[in-house]
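The structure presented is a predicted model; accordingly, all values stated were derived computationally and were not measured.
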Amino acid sequence: VPAAVAHHRSLSDRAVHVFAVLARFAGRTGRCWPSRETVAGAAGVSVRSVGRALGELAAVGLIERTARGNGHGGRTSSVTTLTAGGGGGWAAVPEAALGCSSRAVRLVAVLDLMADRNGMVAASRGRLAELLACSTDSIDRALRELVAVGVVVRLPAAGKTGRLRLPHRPARPAAPVDSPAPATPA
């Protein structure tokens, strides 16, 4: 999920969730054509909710939809092109998170964008609630969901701010300071 989608203030959590599902179906060109029923099943929401979310995403220019014909005068699923993804990076949303609530999906996208190179996040519940424009109770519920499916691990910490680990982000060792630059082929 692009940062522009995860942090978009006017999008509902459901729209971010549907975008994450569409991104799973999209190829390198950002095009996909799952039916609304398929997206609803993958997101665990109703077909009507998918329709509303697609409308939100299209209204703010994050997707473009093009109707497809079946060659016999009827319609088939629309082609959806993901148009978001300019600067700001992308958040990895693990497959296991897509079965959680829409708030949890948005939260894991925001956490992924906040994580250091080892997948560690040290953000207060208040800061997360501010970023997602919701209550700290809502953050707690979403975190419990993500912990239950193994997408987030809570680490013990002193004080009110806990540390979180995102296991889907493998720890990356720091490059040695005195290592030579990689050789370039001639």
Side-chain angles (χ1 to χ4, degrees), residues 1-115 128-135 138-139 141-146 148-152 166-169:
V1 175
V5 174
H7 292 298
H8 202 292
R9 288 284 186 180
S10 70
L11 286 180
S12 68
D13 293 338
R14 182 80 25 92
V16 174
H17 193 166
V18 167
F19 190 96
V21 170
L22 290 172
R24 290 280 181 190
F25 286 105
R28 290 179 190 239
T29 62
R31 293 167 42 111
C32 59
W33 43 90
S35 68
R36 290 177 188 217
E37 291 80 9
T38 300
V39 174
V45 299
S46 71
V47 175
R48 285 186 70 181
S49 289
V50 169
R52 285 191 300 271
L54 290 172
E56 278 184 65
L57 292 165
V60 296
L62 295 172
I63 64 168
E64 292 175 0
R65 295 183 293 174
T66 307
R68 294 190 312 159
N70 64 6
H72 303 292
R75 283 193 52 190
T76 185
S77 61
S78 297
V79 173
T80 302
T81 305
L82 309 180
T83 58
W90 280 68
V93 176
E95 193 78 32
L98 295 179
C100 294
S101 69
S102 295
R103 173 67 38 87
V105 171
R106 187 175 208 155
L107 177 60
V108 78
V110 168
L111 290 173
D112 191 79
L113 290 166
M114 295 174 75
L128 294 171
E130 179 184 319
L131 286 171
L132 272 66
C134 64
S135 69
S138 183
I139 294 296
R141 282 190 300 275
L143 279 173
R144 280 193 298 272
E145 282 185 76
L146 295 170
V149 297
V151 172
V152 171
L166 305 177
H168 67 275
R169 293 189 59 167

Backbone of V47 reached by a side-chain donor or acceptor of E37 within 3.5 Å: no

Sidechain-backbone polar pair: T81 side chain, G30 backbone, donor-acceptor under 3.5 Å: no

Which atom of A104 lies closest to which atom of A142, heavy atoms considered: CA-CB, 3.8 Å

V151 to P167 - nearest heavy-atom pair and separation: O-CD, 3.1 Å

Test side chain to side chain contact (heavy atoms under 4.5 Å, CB included) applied to L113 and L111, step by step: CA-CA 5 Å; L113 290 166; L111 290 173; over 6 Å; no

Check: I139 and C134 side chains under 4.5 Å, non-hydrogen atoms: yes

Working for side chain to side chain contact (heavy atoms under 4.5 Å, CB included), residues R36 and V39: CA-CA 5 Å; R36 290 177 188 217; V39 174; 5.7 Å; no

Side chain to side chain contact (heavy atoms under 4.5 Å, CB included) between L132 and R103, worked out: CA-CA 8 Å; L132 272 66; R103 173 67 38 87; 3.7 Å; yes

Heavy-atom side-chain contact between R14 and V50 under 4.5 Å: no

Flag side-chain contact, heavy atom, 4.5 Å: H7 against V110: yes

Donor on one side chain, acceptor on other, S138 and S135, under 3.5 Å: no

Interatomic distance, R24 atom CZ to L98 atom CG [nearest 0.5 angstrom]: 5.5 Å

T38 vs F25 side-chain heavy atoms within contact, under 4.5 Å: yes

Approximate separation, where rounding is to 0.5 Å, of D112 CG and L107 CG: 11.0 Å

A109 to V93 - nearest heavy-atom pair and separation: CB-CG2, 4.0 Å

Closest non-hydrogen atom pair between P94 and V108, with its separation: CD-CG2, 4.4 Å

Worked verdict on L11 versus L57 for side chain to side chain contact (heavy atoms under 4.5 Å, CB included): CA-CA 8 Å; L11 286 180; L57 292 165; 4.0 Å; yes

Member of H17, R106, R52, E56 meeting the side-chain hydrogen bond (donor to acceptor under 3.5 Å, both in side chains) criterion with S12: E56

R31, CZ atom: more than 12 neighbouring heavy atoms under 6.0 Å: no

Over all atoms of both residues, closest heavy-atom pair of F19 and L62: CE1-O, 3.8 Å

Flag side-chain contact, heavy atom, 4.5 Å: V149 against C100: yes

R65-S78 side chain donor-acceptor pair, cut-off 3.5 Å: no

Closest non-hydrogen atom pair between V105 and A97, with its separation: CG2-O, 3.2 Å

